[in-house]
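Heads up, the thing below is written out as structure tokens.
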Amino acid sequence: MGEKEKVVAININYDYCKRCGICIAFCNREVFTTDEFERPVVDNLDRCVNCKLCVLRCPDFAIRLEVSASA
Amino acid sequence: MGEKEKVVAININYDYCKRCGICIAFCNREVFTTDEFERPVVDNLDRCVNCKLCVLRCPDFAIRLEVSASA
Amino acid sequence: MKKKWQIVLAGEGGQGMIVAGVALAEAAAVFEGKNATQAQSYGIASRGGFSSAEVVINEGEIFFPKAEEPDFVLALTQDAYDRFYHWVSPECLIVYDSDKVTSKREKNDIGYPLTVTAVRLGSEKLINSLSLGLVLKHTQCVKRESLEKSLAKQIPAKALEANIKALGYWLE
Amino acid sequence: MKKKWQIVLAGEGGQGMIVAGVALAEAAAVFEGKNATQAQSYGIASRGGFSSAEVVINEGEIFFPKAEEPDFVLALTQDAYDRFYHWVSPECLIVYDSDKVTSKREKNDIGYPLTVTAVRLGSEKLINSLSLGLVLKHTQCVKRESLEKSLAKQIPAKALEANIKALGYWLE
Amino acid sequence: MPNDKVMFTMGNVACAQAALDVGAKFYAGYPITPSSEVAEVCSRLMPKYGGVYIQMEDEISSIAAMVGASLAGVKSFTATSGPGYSLMQENLGFAIYAEVPCVIINVMRSGPSTGLATRPGQADLMQVRWGTHGDHPIIALCPSSVQECYDLTIKAFNLSEKFRIPVILLSDEIVAHTRENVTLKSPEEIEIVNRKRPTCPPAEYLCYKPEEDGIPLMAAYGEEYMVHASSSCHDETGYSNNSPKTAEGLIHRLHQKIARGREEIVQVAAFGPQDAEIMVVAYGATARAAKQAVVKAQEKGMSVGLLQIITMWPFPDKEILALCDTAKALVVPEMNLGQAYQEIEKVCRGKLPVYLFSRVDGEAIKPGQVLTKIEEVAQCLKS
Amino acid sequence: MPNDKVMFTMGNVACAQAALDVGAKFYAGYPITPSSEVAEVCSRLMPKYGGVYIQMEDEISSIAAMVGASLAGVKSFTATSGPGYSLMQENLGFAIYAEVPCVIINVMRSGPSTGLATRPGQADLMQVRWGTHGDHPIIALCPSSVQECYDLTIKAFNLSEKFRIPVILLSDEIVAHTRENVTLKSPEEIEIVNRKRPTCPPAEYLCYKPEEDGIPLMAAYGEEYMVHASSSCHDETGYSNNSPKTAEGLIHRLHQKIARGREEIVQVAAFGPQDAEIMVVAYGATARAAKQAVVKAQEKGMSVGLLQIITMWPFPDKEILALCDTAKALVVPEMNLGQAYQEIEKVCRGKLPVYLFSRVDGEAIKPGQVLTKIEEVAQCLKS
Amino acid sequence: MSQKLIFSDYLAHKQLPLMWCAGCGNGVILRALTEALAELNIPPHKVVVTTGIGCFGKTDDYMSTHACHGTHGRALAFATGIKLANPELTVLALMGDGDATTIGGNHFINTARRNVDITAIVANNYNYGMTGGQYSATTPIRKVTTTSPYGTAEPGFDICELAKAAGANFVARSTSYHVVQMKKLVMEAITKKGFSLVEVSSPCPTYFGRYNGMPSAVNMLNWLKEVSVSPEKYQTLSEEEKEKVMVVGKLVDRNKPDYLTVYKELTAAVK
Amino acid sequence: MSQKLIFSDYLAHKQLPLMWCAGCGNGVILRALTEALAELNIPPHKVVVTTGIGCFGKTDDYMSTHACHGTHGRALAFATGIKLANPELTVLALMGDGDATTIGGNHFINTARRNVDITAIVANNYNYGMTGGQYSATTPIRKVTTTSPYGTAEPGFDICELAKAAGANFVARSTSYHVVQMKKLVMEAITKKGFSLVEVSSPCPTYFGRYNGMPSAVNMLNWLKEVSVSPEKYQTLSEEEKEKVMVVGKLVDRNKPDYLTVYKELTAAVK
Ligand SMILES: Cc1ncc(C[n+]2csc(CCOP(=O)(O)OP(=O)(O)O)c2C)c(N)n1
Ligand SMILES: Cc1ncc(C[n+]2csc(CCOP(=O)(O)OP(=O)(O)O)c2C)c(N)n1
Ligand code: SF4
Ligand code: SF4
Ligand code: SF4
Ligand code: SF4
Ligand code: SF4
Ligand code: SF4
Ligand SMILES: [Mg+2]
Ligand SMILES: [Mg+2]
């Protein structure tokens with residue numbers, strides 16, 4: 001599963017997000033960048049390889065990947 | 001020290017002795033035997049090699065060796 | 001016969017006074033349908049120090065389960081003897097182990113060579129059955145058969161015969 | 001000038017309201033020789049949840065060290081606002097962070113864009129000094145110099161300049 | 001299984017047997033004189049009754065395991081004495097706050113501290129009432145005979161299940177180690193109360209929502225009724241909630257549910273005339289000495305009766321107050337410096353004099369001593 | 001070192017500073033809200049004062065280490081709150097029984113159990129009196145201001161050294177975390193009491209032989225005066241002794257030494273007229289609210305005064321009884337269900353009515369609430 | 001339950017957002033745990049979490065399973081009673097390092113020895129987060145905390161070594177960085193009969209991090225990434241190198257029978 | 001003190017005879033300990049023994065040194081306070097297996113970790129002698145005790161392994177049979193700076209022995225003699241053989257600085 005699917009959107013729940021910066025720092029594909037309040041914003045959705053690490057590493061359940069099967 | 005001295009007497013304090021039988025069972029030289037109340041009595045003083053193990057193993061501080069320097 | 005008995009079996013931890021007390025009380029309560037209670041005093045379990053069983057046997061209700069005014073005290077050690085002789089009533093019989101205890105009263109003190117007799121009968125552990133025999137001998141608070149039955153409950157099968165023998169030692 | 005001030009700085013854990021409260025009270029007690037007390041309410045330390053500092057400044061003795069009848073409330077979150085607006089006296093001024101709080105009173109409520117201003121000044125952490133500036137602006141309960149001195153005691157040297165600037169932001 | 005019959009045994013054994021008979025299936029404890037026989041009996045019999053015995057690493061974990069097992073739906077208990085009971089104080093507060101039914105058999109010995117570990121005492125009454133921090137209610141029952149050990153252990157379980165509160169069976173070394181006949185109850189005779197269970201659809205269940213009697217229905221871990229037990233202030237869902245209203249409501253409810261059940265919980269026993277001139281008030285082993293003393297005093301023609309306190313907490317204040325109508329004085333013998341005495345004296349203050357007979361040397365109070373005190377008081381009353 | 005000067009700080013810091021100023025050189029503790037600042041200050045300052053700070057693995061070991069250090073001759077203390085204090089009960093009994101001077105700062109929060117961990121409460125009064133098993137005396141002092149935190153901590157150490165008993169500084173979350181000015185004492189000003197030491201030849205020293213005041217002279221481990229501290233019943237040598245006489249003598253002596261020192265130990269403070277019609281009796285943070293209320297009531301022309309309880313245990317019964325001569329009613333505001341109230345009511349029963357104002361929602365009692373209660377009571381008195 | 005469960009079935013959604021600080025490792029563990037439970041498809045009502053007091057001890061408030069939020073340090077003792085009373089339940093003890101090895105150390109070693117079928121998850125953040133960052137039994141020597149301003153004078157426990165010496169059946173260590181591994185280890189631990197431990201090295205940026213040169217979660221995760229080595233790699237290191245790293249992975253995996261199995265066997269004949 | 005001290009200088013002669021049962025190993029340990037103290041020539045008034053509650057916990061009553069006979073399981077916590085308050089003292093914590101590893105297990109591992117300069121001597125008789133022979137945390141699995149009439153369902157601790165994992169500087173095991181070795185190990189333990197442990201396998205013929213086929217002290221000493229092997233010998237055994245023996249001798253000997261040394265170093269600059 002996982003990598004087989006394509007990520008069509010990365011949703012960040014800003015009510016949950018505490019701006020810890022983890023997703024930004026540790027996405028190997030540099031998908032995220034920040035806004036003026038240091039919140040993560042998706043910058044390079046295309047680079048995302050659906051590794052889900054940002055989802056699992058987010059301490060606040062704030063990231064959700066929207067995928068569409070690409071198989 | 002120790003083995004150099006000669007044991008001239010083995011005193012058993014019967015007020016302390018609880019008749020556990022340890023001294024009797026574990027003296028390699030079989031120095032002790034028992035009386036009718038199962039108390040240890042010195043039977044073979046001559047065989048004693050002053051190893052002091054009975055003294056150290058007696059749980060009740062009941063055995064005292066009397067030694068005279070033989071050097 | 002007396003209606004109420006207050007009996008104390010006193011010695012030191014390890015001498016089996018509590019087992020003896022239980023046997024005595026059970027003889028009355030279970031095998032004779034009387035009221036009986038057994039209470040105990042003890043120091044640090046199983047290692048020397050004063051230990052005693054108190055048995056109360058009564059036809060009627062027993063309010064206080066300890067021997068407040070003993071009729072009979074068995075004392076196996078000097079310490080045990082010393083704790084009782086000065087306050088029990090002059091009528092209270094004190095039976096003591098003459099191998100270990102020095103009597104201090106003029107009347108109603110009786111010594112038996114309990115330790116030596118026990119050893120001679122095969123083991124110092126028999127001292128509790130010997131003691132029970134003396135209770136029977138001097139009080140008749142329960143029947144011998146009852147006591148034999150209750151001893152059978154308390155004492156391991158292989159040691160029973162010797163104990164029954166010890167019980168009878170001073171009764172025959 | 002008012003003799004007694006009861007001031008509440010309310011927000012959530014981590015916003016530095018307690019540090020601000022201490023600075024304010026120390027400005028009065030240490031640097032102006034007045035009587036002052038500072039008390040606090042907080043949830044589980046350091047992680048969100050309601051947190052507030054209460055400062056009482058008085059010329060005379062302060063019996064009760066909490067703000068029973070606040071003259072001034074600073075509310076940085078809606079929760080903080082909601083805990084006060086309905087029971088403080090109509091004269092009590094409520095200053096709130098207009099970036100986060102919806103006002104519910106007709107009178108004596110004043111909003112300032114605290115969060116956005118703090119971020120613009122370089123860090124959200126400056127919110128506590130901005131808040132103190134608003135206290136000064138609306139109450140004059142202590143002198144600005146005193147507050148600058150006491151801030152210097154509370155705040156690490158490297159952050160001090162930015163904080164002093166934030167303190168003055170709405171005063172100039 | 002040994003039921004419906006007479007057993008000649010000691011108080012501790014009767015407690016254990018009662019627990020098994022009333023359906024306890026979990027015992028967690030740490031041995032301590034003079035309570036250890038309870039553990040020993042359970043280790044032997046629990047498997048026979050399909051339950052589990054476990055010896056924990058200390059009393060803190062013993063009470064914790066007991067509470068855990070009870071939350072998992074199993075009637076649970078433990079036994080201990082002063083030092084162990086002191087260690088249980090923190091988790092006892094949790095059990096009270098989270099309303100976990102369970103029974104603690106506390107066999108009093110002579111304290112404080114290690115004290116006289118094998119001697120009797122009655123000096124833990126006030127600790128049982130107030131030992132853990134925070135305002136809290138408690139139920140404690142004091143047996144004075146082996147039969148009462150049996151009967152009151154059953155009552156302890158029933159009250160704990162009904163009111164969802166730990167109940168202390170407050171025994172003492174004398175009662176615990178006295179052997180006498182006890183009549184056991186057969187399964188048909190025995191009254192068994194079980195915690196009230198929810199019947200609504202699981203999704204609607206709120207695990208700390210009280211019924212009209214102030215007591216929440218209780219489901220067990222593993223059911224679809226979700227249970228959230230918490231030592232923190234919690235609302236009806238069981239989840240943490242710090243609001244002042246919730247906090248106040250909870251504390252008040254915990255007290256009120258017991259206050260409401262008072263008549264059912266509070267038990268005293270009359271012995272002899274209850275309108276006598278001198279009334280002895282006693283409990284536990286001391287009540288036995290008092291009975292004997294009362295009988296003797298009556299034989300001497302004195303007007304003396306005994307009120308035995310069975311429920312120590314909540315305190316039987318009404319029952320004691322009632323004595324003030326007819327009695328001229330009360331006598332309170334106890335193996336402490338006057339712990340029940342002070343409660344009794346408070347009730348009777350200004351109404352009649354209360355006399356304490358206190359003994360704290362690790363020896364039992366004797367009937368003769370109580371009698372002497374009665375006679376002294378009678379003398380006082382005359383002059 | 002920061003002495004002889006005014007400090008603007010919170011109650012907890014004042015306690016720690018007082019302990020250092022009075023000569024404490026050992027702190028062992030386990031952090032808990034709302035007491036942790038005491039530990040934090042000690043960890044920072046102990047080395048400056050030549051002492052040792054250690055954080056133990058729990059509160060059981062914290063009190064044990066404190067007791068050990070005190071027996072080794074060093075003034076020692078700890079700080080905790082309800083849950084931790086509950087865990088200390090067993091070893092507290094040992095400290096009392098072995099007569100080990102030490103100070104426990106107990107900062108009350110809102111219980112029971114974890115409860116509202118950051119909110120104030122005053123519901124541990126009775127636990128402080130009765131928490132450990134067995135009959136035992138205790139001393140407890142309640143500060144109501146940062147200054148009193150400082151002064152009473154000093155007093156706590158002095159009483160503990162003099163009477164050889166653990167003293168509880170019974171603070172509360174409000175007092176502990178309120179910052180205000182406190183005047184520290186200089187080394188010259190400060191009154192320091194140290195345990196009385198033996199002067200006889202070492203061979204003659206009996207470590208638990210009381211002086212005339214009932215208090216044994218105290219040597220330290222490591223001296224030629226041999227010290228045998230025991231949790232078991234012990235005679236004058238300190239070695240175990242189970243005789244009833246020894247047991248009784250020891251329990252009585254422990255109580256009598258405190259009873260004898262009562263006048264020195266018991267402290268109350270008067271605020272406003274003491275012969276007013278309505279007297280408020282309060283302690284800790286609540287006394288602050290009461291003061292404000294009394295002032296306001298006076299402004300309204302009412303006859304109201306305040307008696308502040310400083311020494312909670314032994315209870316100031318005489319001082320409260322004295323109020324009954326002139327007052328018409330007492331008002332007791334407290335953050336619990338009436339723990340001091342019931343003691344006060346007991347003293348006053350039959351003499352005058354006592355009214356409780358109780359708050360148990362984790363919020364501070366406000367001056368206005370006390371005032372309202374006073375007004376209600378005034379109304380009652382009129383009608 | 002025939003429907004496949006997902007992580008969010010184990011969350012108490014009403015309680016979100018989480019109250020933990022920004023970047024706190026606790027949420028990461030909660031995520032891995034709920035993912036693990038979902039993958040094992042254990043219905044929430046068959047799960048009981050027992051928690052202590054502490055930041056991580058708040059976890060029960062975010063979960064939809066049964067919960068026993070008891071007293072500080074006693075989670076394993078409550079868990080023992082629960083498991084023995086109803087062996088069908090999946091019982092998880094969620095503890096901070098203070099809970100597990102400071103105040104609760106005795107329950108930790110004795111539950112491991114007894115081999116009760118419980119899964120312990122320890123969020124080791126090397127300090128007491130909840131009470132403001134004091135040192136705990138796992139704070140490394142010389143590290144600064146609120147109560148060791150000059151550095152901690154005591155070495156910290158190796159929790160895994162302790163569990164191993166005490167007798168645990170399964171012992172593993174992971175970190176908030178190694179999220180995929182963490183989830184797998186948690187699944188294995190839950191599946192394993194007997195006592196299992198997963199220690200998770202978890203950032204407390206607010207205190208431990210801030211006092212020791214790692215003020216942000218990102219700093220702390222970088223640190224965890226750097227010091228972690230696998231058990232295989234660890235074997236190849238010199239003693240000196242070993243001192244500087246942290247082994248991450250499965251450390252003990254044995255199959256001693258659990259308490260209840262032995263108890264049942266020994267008492268089988270008793271009736 | 002210029003005169004050479006002998007064992008009896010450490011005895012409280014008035015308290016003799018000992019109250020322990022016939023053949024109890026406690027007296028043997030007391031003998032070895034007093035011999036060791038004498039040989040080290042430490043004056044009695046420079047020695048403090050802290051004891052818990054138990055048969056072995058009664059040891060203080062037979063000694064002429066200073067004593068703290070505290071509560072059950074807490075001997076090491078009292079000892080910690082004593083040692084830190086007066087580092088000149090020789091502080092010995094004398095504990096039963098219940099004291100040390102059951103109720104007191106947390107103090108045991110944490111004191112070892114902290115490396116406080118205390119010598120712990122544990123008389124391991126595999127049960128609670130004092131309260132009538134119930135099982136403890138060291139009772140071997142399946143052995144019978146008063147509260148495990150069908151056999152104990154839990155494995156017992158290896159106390160020495162536990163101390164090692166916790167961080168003790170010195171760990172050794174001896175038995176009441178190996179009296180000369182015991183004395184030497186106790187001397188080494190006392191001399192060693194930091195936390196040291198000597199576990200002594202010690203007969204309780206009255207309970208553990210009687211319930212498990214060794215009713216007399218002689219039976220028990222024979223057993224100890226048979227199962228004991230040296231650490232060197234142990235290395236050569238197969239895993240299966242290892243299960244059946246008990247290693248006796250010095251097991252850990254390291255020189256990590258003790259608590260007070262580190263504390264003093266870290267705070268040296270603070271004034
Ligand atoms: C008996 C007791 N002592 C102390 C406390 C205070 N306390 C609450 S949480 C905590 C430490 C938490 O540390 P840890 O277990 O590591 O969890 P963390 O907060 O770091 O996740 C302490 C000391 C308490 N609640 N109960
Ligand atoms: C808090 C507490 N719980 C229980 C006891 C009862 N108790 C006294 S000694 C003991 C066990 C002793 O075992 P151990 O430490 O192995 O010493 P031993 O008697 O075997 O030498 C127990 C459980 C106690 N004194 N205090
Ligand atoms: S799924 Fe992987 S690649 Fe995609 S944003 Fe998250 S971390 Fe980056
Ligand atoms: S990891 Fe989560 S909480 Fe942190 S910045 Fe990214 S979305 Fe926000
Ligand atoms: S000294 Fe040695 S040889 Fe002599 S009697 Fe004793 S054990 Fe036997
Ligand atoms: S070893 Fe000691 S106690 Fe045992 S029989 Fe010999 S002399 Fe007596
Ligand atoms: S204090 Fe530390 S452990 Fe607690 S929530 Fe904050 S970061 Fe997490
Ligand atoms: S019970 Fe066992 S440990 Fe205790 S004295 Fe007797 S033999 Fe020794
Ligand atoms: Mg932690
Ligand atoms: Mg043992």
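Per chain, numbering begins at 1; letters A, B, ... match sequence-line order. Values below: all heavy atoms of this structure, side chains included; hydrogens, waters and symmetry mates excluded.
Here E/Ser232 is the residue among E/Gly93, E/Ala28, E/Ser232 with the most heavy-atom pairs under 4.5 Å with chain G. Each of G/Gln15, G/Lys46, G/Glu88 has some count of heavy-atom pairs under 4.5 Å with chain E, and the biggest count is that of G/Gln15. The candidate from E/Ala69, E/Pro47, E/Ser62, E/Ala64 with the greatest count of non-hydrogen atom pairs under 4.5 Å with chain G is E/Ala64. Chosen from G/Ala85, G/Ala67, G/Gly73, the residue pairing most often with chain E at heavy-atom distances under 4.5 Å is G/Ala67. When each of E/Asn91, E/Thr237, E/Leu71 is checked for heavy-atom pairs under 4.5 Å with chain G, E/Asn91 comes out on top. The most heavy-atom pairs under 4.5 Å with chain G, out of E/Ala219, E/Gly238, E/Ala65, E/Ala95, come from E/Ala65.
Between the OG atom in E/Ser76 and the CG atom in G/Leu84 there is a gap of 10.0 Å [rounded to 0.5 Å]. Here E/Ser61 contributes atom OG and G/Arg74 contributes atom CZ; the two are 8.0 Å apart, rounded to the nearest 0.5 Å. The distance from the NE2 atom of G/His107 to the CE atom of E/Met56 is 7.5 Å, given to the nearest 0.5 Å.
G/Gly70 and E/Ser231 get closest at one heavy-atom pair: O-OG, 2.7 Å. Of all the heavy atoms in G/Gly81 and E/Phe26, the pair that sits closest is CA-CZ, 3.9 Å. When every heavy atom of G/Val270 is checked against every heavy atom of E/Arg44, the shortest pair comes out as CG1-O, 4.3 Å. In this structure, E/Ala72 and G/Ile82 approach most closely via the heavy-atom pair CB-O, 4.0 Å. Across all non-hydrogen atoms, the minimal contact from G/Thr71 to E/Phe94 is CG2-CB, 4.1 Å. The minimum heavy-atom distance between E/Ser230 and G/His69, with the atom names listed, is OG-CD2, 3.3 Å.
G/Arg114 has its side chain within reach of E/Ile54: a pair of non-hydrogen atoms, C-beta onward, lies under 4.5 Å apart. With a 4.5 Å cut-off on side-chain heavy atoms, G/Asp61 and E/His228 count as touching.
Heavy atoms of E/Met66 lying under 4.5 Å from chain G are absent altogether. Interface residue E/Tyr225: only backbone heavy atoms are found under 4.5 Å from chain G. For E/Tyr221, the parts lying under 4.5 angstrom from a heavy atom of chain G are both the backbone and the side chain. E/Ala220 touches chain G through its backbone: at least one of N, CA, C or O sits under 4.5 Å from a heavy atom, while the side chain does not. In this structure, chain E has no heavy atom under 4.5 Å from any part of G/Leu266.
E/Glu57 has no carboxylate O lying under 4.0 Å from a charged side-chain N of G/Arg113, or vice versa, which leaves the two without a salt bridge.
When the shell of 6.0 Å around NZ of G/Lys193 is examined, it contains 12 or fewer heavy atoms from other residues, nucleotides or ligands. Heavy atoms of other residues, nucleotides or ligands lying less than 6.0 angstrom from NZ of E/Lys162 number 12 at most.
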Determine, step by step, whether G/Tyr263 and E/Tyr53 satisfy the ring-ring contact (aromatic ring centres under 6.0 Å, His included) criterion, reporting the C-alpha distance in whole Å, the side-chain angles of both residues, the deciding distance to 0.1 Å, and the verdict. CA-CA 9 Å; G/Tyr263 186 81; E/Tyr53 170 88; 7.8 Å; no

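The main-chain N or O of E/Val227 is found under 3.5 Å from a side-chain atom of G/His66 such that the two form a donor-acceptor pair.
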